[in-house]
Amino acid sequence: MKKSITFLLCFLTFFAFAQQRELKLAADVWPPFTNTEDEKSILSDLVQEALRRIQIESTMEITSFKEVLEELHSGKFDGSPGLWTSKERRKKYYYSKPYLYNQLVLVGRKGSDVSANAFKELSGKRIGVIDNYAYGDFDKNKEIEIIPGASNQKNLENLLSDKIDYMLVDALLIQYMLKYQLNDVSQHLAIGQKPLLVKSLHLALSKNLEGAEEILKRFDQEIEVMIEDGSFNKLLELNWVKADVDGDGNMELVLGSNMAGTSAPQNIYGLMMDNSYKDQKNGPTRYYIDGKLYEDWDNVPKSYKLDLVEDKTPSEEDAFIRLDF
């Protein structure tokens with residue numbers, strides 16, 4: 001009885017919030033994750049779509065990262081769509097479950113050795129990172145020189161002009177680079193195969209926001225639905241993603257369309273990078289398609305093994321901006 005009353009109170013609190021106001025969210029310019037209106041903004045799109053599907057409207061203001069944190073503290077904003085966690089931040093905010101991971105990969109100039117598996121292997125190197133982000137202690141390696149940059153694009157310029165030796169780039173950005181600018185990447189860059197640093201991304205809401213915990217609970221549930229129904233893939237603009245859809249601790253390959261391709265997919269972006277996946281020597285072998293699990297590629301029905309039809313015509317933006325994140 002007590003549990004029923006508690007659930008009812010939580011539901012009424014959530015319902016009252018949904019009826020009365022919008023969530024005021026804020027983020028900085030961090031392409032392609034968060035960005036100004038009309039630009040690719042993956043985290044904003046994912047979070048606002050999940051909230052919309054649970055009947056919560058939201059607004060998104062783009063400002064400096066410093067101001068995001070200051071105005072969250074002041075109460076001007078209710079939360080942020082893609083915040084890393086830290087001990088200090090958890091004192092101020094409630095966090096959703098991770099819905100995406102920044103998997104930071106080593107990128108160097110063409111011909112560079114990008115095989116490092118840990119920061120201890122990079123002693124004496126200059127590494128470009130984005131200023132003010134909570135990367136951590138880089139494995140306590142004091143022999144590497146961390147060079148802050150205002151953006152990935154600035155770090156790229158520093159890399160190509162030999163001002164830094166390497167930069168850390170998110171695996172999703174690399175997926176887009178390989179998809180849209182393969183020739184430029186092949187000509188100018190060397191890309192590591194494994195992430196050196198993995199940081200979970202969360203919807204964070206102020207602890208002063210009424211009903212915040214219930215909102216995040218429902219948000220988490222809706223994200224799971226979006227992964228299963230393929231809408232998560234579509235918002236990421238990726239046909240395949242790795243995710244643990246059945247909760248067994250192992251990854252499946254999740255198809256976001258009805259065209260799986262004519263051969264087993266390679267180089268798939270993983271949503272949920274965890275230790276169980278890293279320990280699988282050959283990676284995930286099961287496929288999740290239209291609500292069904294298939295144990296291997298041979299068991300995937302032939303009706304799905306259609307070649308992807310891609311528009312090879314470069315957009316005006318792609319033709320103009322090269323090697324730009």
Side-chain angles (χ1 to χ4, degrees), residues 17 23-31 33-35 41-44 46-48 50-51 56 58-105 118-120 127-152 154-155 167-172 195-220 223 271-275:
F17 177 88
L23 274 180
K24 296 179 181 178
L25 303 177
D28 64 332
V29 174
W30 183 24
F33 299 102
T34 53
N35 211 336
S41 190
I42 296 165
L43 302 189
S44 303
L46 283 171
V47 167
Q48 290 190 289
L51 290 172
I56 291 184
S58 60
T59 59
M60 187 72 62
E61 184 168 328
I62 300 298
T63 183
S64 70
F65 188 67
K66 181 180 179 182
E67 188 173 345
V68 170
L69 297 180
E70 290 176 349
E71 298 296 0
L72 276 172
H73 181 69
S74 73
K76 177 180 177 181
F77 302 128
D78 298 315
S80 187
L83 216 58
W84 293 350
T85 65
S86 70
K87 185 177 179 180
E88 287 302 312
R89 289 178 185 176
R90 284 197 174 274
K91 294 177 183 178
K92 303 174 184 178
Y93 317 125
Y94 293 121
Y95 282 88
S96 71
K97 293 179 181 178
Y99 66 88
L100 207 62
Y101 281 73
N102 284 138
Q103 300 162 42
L104 300 171
V105 175
F119 288 108
K120 64 182 180 182
I127 301 179
V129 301
I130 298 180
D131 198 13
N132 291 322
Y133 287 1
Y135 289 92
D137 61 9
F138 297 96
D139 296 337
K140 297 181 180 180
N141 186 347
K142 297 181 180 179
E143 301 302 317
I144 58 176
E145 185 178 357
I146 301 300
I147 310 295
S151 65
N152 277 309
K154 180 61 179 176
N155 287 339
M167 59 186 289
L168 291 178
V169 180
D170 187 87
L172 185 57
L196 283 179
L197 190 63
V198 177
K199 305 286 284 188
S200 56
L201 285 165
H202 310 254
L203 169 61
L205 296 178
S206 170
K207 288 190 174 182
N208 295 324
L209 177 68
E210 185 178 1
E213 290 179 285
E214 181 63 20
I215 293 170
L216 292 173
K217 180 181 178 181
R218 292 174 65 91
F219 172 84
D220 291 337
I223 288 292
L271 300 181
M272 307 299 175
M273 179 68 75
D274 62 9
N275 290 331

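As a basis for the values below, the full set of heavy atoms in this structure was taken, side chains included, without hydrogen atoms, waters or symmetry mates.
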Practice problem: May I have the step-by-step check of side-chain contact (heavy atoms from CB on, under 4.5 Å) for Ile42 and Leu172, ending in yes or no? | Solution: CA-CA 10 Å; Ile42 296 165; Leu172 185 57; 3.6 Å; yes
Self-check item: CA sep, side-chain torsions, deciding dist, call: Leu51, Leu23, side-chain contact (heavy atoms from CB on, under 4.5 Å)
Solution: CA-CA 9 Å; Leu51 290 172; Leu23 274 180; 3.8 Å; yes
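- Across Val105 and Pro195, no two heavy atoms sit closer than the pair CG2-CA, 4.1 Å.
- Applying the salt bridge (charged side-chain N to carboxylate O under 4.0 Å, His left out) test to pairs two or more places apart or on separate chains, those with a residue in residues 81-99 are Glu88-Lys91.
- Scanning both residues, Pro81 and Ala26, for their nearest heavy atoms gives CD-O, 3.3 Å.
- Going from atom OG of Ser74 over to atom CG of Leu72 covers 8.0 Å, rounded to the nearest 0.5 Å.
- With rounding to the nearest 0.5 angstrom, the CG atom of Asn152 is 8.0 Å from the CZ atom of Phe33.
- Rounding to the nearest 0.5 Å gives a distance of 13.5 Å between CZ of Arg218 and CD1 of Ile223.
- Between Ile127 atom CD1 and Asn155 atom CG the span is 11.0 Å, to the nearest 0.5 Å.
- No side-chain donor-acceptor contact under 3.5 Å links Asn35 to the backbone of Ser41.
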Exercise. Tell me, with the steps shown, if Lys66 and Val68 meet side-chain contact (heavy atoms from CB on, under 4.5 Å).
Key: CA-CA 5 Å; Lys66 181 180 179 182; Val68 170; over 6 Å; no
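- Checked by atom type and distance alone, the side chain of Asn102 never pairs as donor or acceptor with a backbone atom of Leu104 at under 3.5 Å.
- Judged purely by atom type and a 3.5 angstrom limit, Asp78 uses its side chain to pair as donor or acceptor with the backbone of Lys24.
- The salt bridge (charged side-chain N to carboxylate O under 4.0 Å, His left out) search around Glu67 returns none, not counting sequence neighbours.
- For Phe138, the ring pair (Phe, Tyr, Trp, His ring centres under 6.0 Å) partners at least two apart in sequence or on another chain are Phe119, Tyr135.
- Qualifying side chain to side chain donor-acceptor pair (under 3.5 Å) partners for Asp28, counting only residues two or more places apart in sequence or in other chains: Tyr133.
- When the side chain to side chain contact (heavy atoms under 4.5 Å, CB included) test is applied to Ser96, the partners found at least two apart in sequence or on another chain are Tyr99, His202, Leu203, Leu216, Phe219, Asp220.
- Formation of a donor-acceptor pair under 3.5 Å by the Asp170 side chain with backbone atoms of Gln103 is found in this model.
- Cation-pi contact between Lys207 and Tyr94: present, with separation from the ring centre below 6.0 Å and deviation from the ring axis of at most 45°.
- In terms of modelled atom types and a separation under 3.5 Å, the side chain of Gln48 and the main chain of Ser58 share a donor-acceptor contact.
- Partners of Ser80 by side chain to side chain donor-acceptor pair (under 3.5 Å), not counting sequence neighbours: none found.
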Quiz item: Taking it one step at a time, do Lys199 and Tyr101 satisfy side-chain contact (heavy atoms from CB on, under 4.5 Å)?
Solution: CA-CA 6 Å; Lys199 305 286 284 188; Tyr101 281 73; over 6 Å; no
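- The side chain to side chain contact (heavy atoms under 4.5 Å, CB included) check on Ala118 picks up Lys120, Glu121, Asp139, with sequence neighbours excluded.
- Atom CG of residue Leu43 and atom CE of residue Met60 lie 8.5 Å apart, to the nearest 0.5 angstrom.
- A 4.5 Å side-chain heavy-atom check between Leu83 and Leu201 finds every atom pair outside the cut-off.
- The CD1 atom of Ile130 sits 7.5 Å away from the CE atom of Met167 when rounded to the nearest 0.5 Å.
- Using the six-membered ring where Trp is involved, Tyr93 and Tyr95 have ring planes that are perpendicular, over 60° apart on the 30 and 60° scheme.
- When the salt bridge (charged side-chain N to carboxylate O under 4.0 Å, His left out) test is applied to Lys154, no partner is found at least two apart in sequence or on another chain.
- Within the 4.5 Å cutoff, the side chain of Thr59 has no heavy atoms near those of the Leu25 side chain.
- Applying the salt bridge (charged side-chain N to carboxylate O under 4.0 Å, His left out) test to residues at least two apart or on different chains, none of the pairs has a partner in residues 141-151.
- Every residue two or more places apart in sequence or in another chain was checked for a side chain to side chain donor-acceptor pair (under 3.5 Å) with Ser206, and none qualifies.
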